[in-house]
Amino acid sequence: MKLPSRSKSYMIPEYSLTGDLLSFLTCNLQYRYQNKGTLPPSKPVQRWFGEFIHGVLEEAYIQWKQENTQFPWDWKEDIRPIEELIDLRLQVRGLYPHDEDLFFSILNQPDSNLTIDDLNEHDHKKLASARAEKAINIWGKYLFPLIDSSELLIKGVRQMPNYDENISRSNYYGINGVVDVLTSMKINKNLEQSTLDNYNNMIIEFLKKDPDFQERISNYSEGDDYEIIIDYKGMKRPPVKMIDSKAEDKWENHKQQILTYSWLRSKQEDAKPIVAGIIFYLNELVPSKEDLVLIKDEINNDLTDVGQKYQDDIDLINNWEEEDKAPELSNEFKIDRSIRIINVDEEEQVNALLKFDSVVANIEDSLIKEMKGCKIQDAWKADSDERTCSACDFRTFCKNNSVKTKDFKIP
Ligand code: SF4
């Protein structure tokens with residue numbers, strides 16, 4: 001009897017929206033070293049805060065569902081234990097905060113008899129804590145009751161762009177992402193809910209004020225279910241226009257991300273029509289000095305879409321200097337800047353997918369060049385803005401580094 005031989009393993013390359021698309025667009029060469037070469041950044045502070053705030057909000061939602069703790073949550077009682085838990089989880093993965101971001105974890109000091117009550121307010125509530133507190137008490141309060149599922153993995157398959165059976169690694173590629181939060185809504189149901197809970201849901205109020213969203217909703221019958229994809233970002237609101245052509249266009253890329261997520265979600269069996277996405281830019285709730293410098297610049301150069309109507313806040317920002325204490329901006333200004341509604345337009349969705357295809361085509365192209373023996377720096381394009389290059393671990397040997405490293409000395 002002839003035993004059949006095992007067929008050749010068939011693997012398709014997988015690409016993720018945040019890990020690959022956004023990272024490749026920041027700088028191709030940096031992406032190669034960090035993602036394909038698994039060389040993590042030496043100071044992954046931006047990554048730490050992003051992961052921290054996602055973890056805190058996820059855990060806060062789980063606790064709210066179990067205990068239904070009323071808002072506002074007390075920082076010391078309700079939020080700090082969650083922060084410690086998430087901080088320790090990140091430390092296990094080698095991610096540590098800067099001293100000015102988070103107070104050290106008391107749970108991690110086995111010989112210490114310190115308790116949270118031994119710390120004074122100034123010492124313990126640092127930047128990341130202040131943002132976590134605002135994120136929970138401002139947005140969590142309205143978001144948690146709307147959540148249908150969180151941390152939802154979505155996957156899909158697309159044809160490999162520019163497929164050539166002699167060159168390409170596969171005829172398909174996989175695309176995946178994790179939706180932070182998926183909400184399922186019925187307009188009427190939520191209006192009833194808001195009366196029951198005795199408060200108006202601020203997220204729904206923002207959606208009601210959005211004319212594009214209202215137009216989209218009007219195409220559905222009353223009582224129909226629809227979904228909204230929610231994404232948290234541990235960063236400030238990006239400018240709508242870029243002055244530096246080398247800088248990553250985060251405004252556009254975030255939109256592409258929501259549109260691609262909406263396509264992936266629409267392929268799942270239990271999906272309902274996805275009408276919009278909401279991005280929460282959580283740094284806006286407590287901007288750092290670095291954020292304020294950028295906000296000031298963007299307002300004065302007409303590079304931002306939200307803020308111009310708040311004259312008092314603009315005056316405060318314009319009169320503020322970097323060495324001063326941060327200005328007391330109004331809650332309305334901060335809340336307005338922290339929410340962005342992206343309507344899911346079918347035509348734009350197709351364009352977003354084509355853009356993803358073209359990014360995959362470029363990554364595959366560079367990978368194949370490298371597999372054929374081309375040097376890494378020749379196979380991957382090195383091109384980024386000064387800000388990204390100055391924080392890049394590879395700037396000392398990168399030929400296209402936009403920051404001068406003449407003064408660099410090996411210690
Ligand atoms: S130094 Fe700049 S151009 Fe070079 S790899 Fe890093 S980010 Fe890219």
Side-chain angles (χ1 to χ4, degrees), residues 13-52 93-98 101 233-257 281 283 288-291 293-294 297-298 303 355-411:
E14 283 269 334
Y15 287 100
S16 102
L17 270 151
T18 41
D20 294 288
L21 179 108
L22 299 185
S23 156
F24 181 79
L25 291 172
T26 306
C27 172
N28 302 184
L29 184 63
Q30 192 190 55
Y31 163 81
R32 160 64 181 81
Y33 286 128
Q34 270 172 12
N35 295 51
K36 298 279 170 217
T38 54
L39 285 173
S42 59
K43 291 181 213 146
V45 175
Q46 172 72 30
R47 188 168 155 219
W48 177 85
F49 181 65
E51 301 235 3
F52 170 80
R93 292 171 46 205
L95 294 170
Y96 294 87
H98 264 330
D101 282 339
K233 298 267 182 229
M235 59 186 292
K236 66 170 268 300
R237 190 183 192 87
V240 291
K241 284 179 264 172
M242 304 303 299
I243 294 181
D244 182 350
S245 59
K246 282 185 171 183
E248 180 200 345
D249 188 351
K250 292 197 173 100
W251 184 256
E252 189 54 30
N253 290 345
H254 293 168
K255 183 177 173 181
Q256 309 272 341
Q257 186 191 348
Y281 293 110
N283 285 22
S288 64
K289 286 192 171 182
E290 199 192 12
D291 294 330
V293 170
L294 294 169
D297 182 60
E298 286 158 20
L303 298 175
K355 171 133 192 230
F356 200 102
D357 284 346
S358 83
V359 172
V360 169
N362 288 337
I363 298 176
E364 286 287 318
D365 198 34
S366 297
L367 267 176
I368 290 165
K369 270 190 203 156
E370 200 187 319
M371 280 157 66
K372 284 186 173 164
C374 182
K375 283 188 197 151
I376 295 180
Q377 293 217 22
D378 296 331
W380 300 80
K381 194 170 155 203
D383 193 13
S384 202
D385 61 310
E386 215 177 301
R387 215 162 153 248
T388 313
C389 290
S390 57
C392 176
D393 288 336
F394 318 112
R395 65 186 185 279
T396 49
F397 59 84
C398 169
K399 291 178 210 151
N400 280 352
N401 175 8
S402 23
V403 181
K404 290 197 173 53
T405 49
K406 270 191 255 148
D407 301 334
F408 178 77
K409 289 187 189 79
I410 294 175

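Each ligand, and each atom within it, is numbered from 1 in the order the structure gives. Model, not experiment: these values are computed from the prediction.
- One finds a salt bridge joining Asp378 and Lys399 here, because a Lys/Arg side-chain nitrogen approaches an Asp/Glu carboxylate oxygen to under 4.0 Å.
- Of the heavy atoms in Asp383, only backbone atoms (N, CA, C, O) come closer than 4.0 Å to ligand 1.
- Under 4.0 Å from ligand 1, the heavy atoms of Cys392 that appear belong solely to its side chain.
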Please tabulate, for the side chains in residues 361-369, all donor-acceptor contacts under 3.5 angstrom to protein atoms that are two or more places apart in sequence or on a different chain.
residue	atom	partner	partner atom	Å
Asn362	ND2	Ser358	O	3.4
Glu364	OE1	Arg169	NE	3.0
Glu364	OE2	Tyr15	OH	2.6
Glu364	OE2	Arg169	NE	3.4
Glu364	OE2	Arg169	NH2	2.7
Ser366	OG	Asn362	O	3.3
Ser366	OG	Ala379	O	2.9

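- The aromatic rings of Trp380 and Tyr31 sit tilted, their planes meeting at an angle between 30° and 60°.
- Looking at Gln377, its side chain does come within 3.5 Å of a backbone N or O of Phe397 through a donor-acceptor pair.
- Of all atoms in ligand 1, listed by their number and element, those nearer than 4.0 Å to a heavy atom of Arg395 are 1 (S).
- Compare Cys27, Cys398, Ala391 by their heavy atoms: the one nearest to atom 7 (S) of ligand 1 is in Cys27.
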